[in-house]
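For clarity, every value in this text was computed on a predicted model and none was experimentally measured. All values below come from the heavy atoms of this structure, side chains included, with hydrogens, waters and symmetry mates left out. Every number for a ligand or one of its atoms is a count from 1 in the order of the listing.
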Amino acid sequence: METALALLRAGEVVAVPTETVYGLAADATNGEAVARIFEAKGRPSFNPLIVHVASIEMADRLARLDPLSRRLAEAFWPGPLTLVLALTENSPVHPLATAGLETVGLRMPLGFAADLIARFGRPLAAPSANLSGRITATTAKAVAGQLADRIKLVVDGGASPVGVESTIVKVERDALRLLRPGGVTVRALEAISDRPVLRSAGKAIEAPGMMVSHYAPRAALRLDASHVGDGEALLAFGPSRAMGFAKAAAMRNLSPQGDLREAAANLFADLQALDASGAGVIAVEPVPNDGLGEAINDRLSRAAAPRGEGSE
Ligand code: TXA
Ligand code: MG
């Protein structure tokens, strides 16, 4: 517990047991810490992550619980249910954890993870503790087998009792929609919510991180820019500048030193800031495509994609 706390305070990731599956946890309010999660998993894209809380009071500070969501939280927390909720105005959850969405998936886990969050005093973002594309880990040994050379600590809490990820639901007006089946059954949800659970038509999992045009700034993005055109804003990377940068309508540098982890942590906030400048076009300097750069470029190309293009 003490080792895990020290690492979390230092912005590191820690693998922790939960009742569903092992989670790869980091401070959900710290962009660089969240970036380290994607880095450790080797994830090619920034999916929104589930953010874990230790109490309903903590959830209330992060998101708005409508009456039905609150009833479900009271019935199933701590436990394998994730509620997708609107962020509060000043929610401390870092936009990298939500992939820039205006909603956040919240869950209160059971046991060690909940104690850790309560002691830490902040929410933890945690996807399953496996390499991207590999099998979900439900023991500390399985986690270590995939991630031992990438993270400093795996907390061994024995085998995860649930063994599948949490059920994800979202309240839409008065209806309840299933986004991912998981540890809480539809029947149990229907019993508590007193209404039928709607299933997403045609696809089992709605993964907003996979939408082609997902984070959609109003401005158009011009990628791999080597010069800045009239009226354009500039999203820079590293120490050297695109030609004509001095006349940019607005400028942000993802990382002046060219550090990809820092760039990942700044990505959503910088895009939002440049969009808010009112420029019609954001010119984006090239970002190297290795390590976290692959995820950054994936997000940039999604942000640059024509609006309304389908998913996947
Ligand atoms: O059991 C679990 O839920 C495990 C343990 C560690 O708690 N966590 C887990 O987290 O599976 P993760 O980050 O792998 O789940 C992310 C998925 C996304 O792919 C998406 O389907 C959904 O959660 N999700 C997250 N935020 C969302 C949002 N704002 N809107 C809709 N879906 C969201
Ligand atoms: Mg997973």
Side-chain angles (χ1 to χ4, degrees), residues 13-26 28 34 37-38 40-54 59 62-64 69 76-88 91 93-114 116-117 123-140 142-143 147 151 154-155 157 160-172 176-184 199-200 203-211 214-215 268 295 311-312:
V13 301
V14 172
V16 295
T18 87
E19 79 282 25
T20 57
V21 299
Y22 274 69
L24 195 56
V34 176
I37 295 176
F38 292 104
K41 278 187 76 92
R43 255 199 192 170
S45 68
F46 295 148
N47 297 323
L49 302 178
I50 292 171
V51 173
H52 299 71
V53 297
L62 311 181
R64 281 198 295 275
S69 293
F76 294 106
W77 285 1
L81 181 69
T82 295
L83 297 163
V84 173
L85 302 161
L87 287 165
T88 54
S91 181
V93 174
H94 194 277
L96 188 54
T98 61
L101 294 170
E102 285 169 4
T103 54
V104 61
L106 293 187
R107 159 169 127 75
M108 190 197 305
L110 188 61
F112 177 86
L116 180 66
I117 297 161
L124 294 179
S128 51
N130 52 271
L131 289 171
S132 184
R134 298 271 300 275
I135 292 171
T136 305
T138 55
T139 64
V143 176
L147 296 169
I151 60 177
V154 181
V155 177
S160 296
V162 176
V164 294
E165 283 106 333
S166 60
T167 301
I168 305 178
V169 294
K170 183 180 188 183
V171 172
E172 293 176 353
L176 192 59
R177 184 170 294 280
L178 181 71
L179 301 184
R180 179 178 79 181
V184 168
R199 292 160 187 278
S200 301
K203 52 183 159 96
I205 299 176
E206 183 178 282
M210 301 309 287
M211 301 291 282
H214 163 54
Y215 175 78
F268 289 110
S311 56
E312 291 274 20

Does an N or O anywhere in [X] fall below 3.5 Å from an N or O of ligand 1?
X    : result
R107 : yes
T82  : no
T18  : no
H52  : yes

Over all atoms of both residues, closest heavy-atom pair of [X] and [Y]:
X    : Y    : answer
F76  : V184 : CE2-CG1, 3.7 Å
T167 : G183 : OG1-N, 3.2 Å
P17  : A113 : O-CB, 3.6 Å
L83  : W77  : CD1-CZ2, 3.7 Å
R177 : R199 : NH1-O, 3.3 Å
S69  : V171 : OG-CG2, 3.3 Å

Could you list which atoms of ligand 1 come closer than 4.0 Å to a heavy atom of [X]?
X    : answer
E165 : 1 (O), 2 (C), 4 (C), 11 (O)
G23  : 6 (C)
L101 : 28 (C), 29 (N)
I168 : 17 (C), 22 (C), 23 (O)

As a check for students: among [options], identify the option with a heavy atom nearest to [atom].
atom                    : options             : value
atom 15 (O) of ligand 1 : T20, I50, T103      : I50
atom 24 (N) of ligand 1 : G105, A25, P48      : P48
atom 30 (N) of ligand 1 : L81, V84, V16, T136 : V84
atom 3 (O) of ligand 1  : G182, A137, S166    : S166

N130 backbone acceptor or donor facing Y22 side chain under 3.5 Å: no
Identify all side-chain donor-acceptor contacts of residues 104-111 below 3.5 Å with residues at least two apart in sequence or on another chain.
residue: R107; atom: NH1; partner: E19; partner atom: OE2; Å: 2.9
residue: R107; atom: NH1; partner: G79; partner atom: O; Å: 3.0
residue: R107; atom: NH2; partner: T18; partner atom: OG1; Å: 3.0
residue: R107; atom: NH2; partner: T20; partner atom: OG1; Å: 3.1

Please step through side chain to side chain contact (heavy atoms under 4.5 Å, CB included) for the pair V169 and V84, ending with a clear verdict. CA-CA 6 Å; V169 294; V84 173; over 6 Å; no
[X] touching ligand 1 at heavy-atom level, < 4.0 angstrom:
X    : value
P109 : no
L49  : yes
K170 : no
S128 : yes

Can you tell me how far the NZ atom of K41 sits from the CG atom of L24, to the nearest 0.5 Å?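 If we round to the nearest 0.5 Å, K41:NZ and L24:CG are 6.5 Å apart.
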Any donor-acceptor pair under 3.5 Å linking the side-chain atoms of R180 with those of S166? yes
Please state which part of L179 comes within less than 4.0 Å of ligand 1, counting heavy atoms only: side chain, backbone, both or neither.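 The answer is the side chain of L179.
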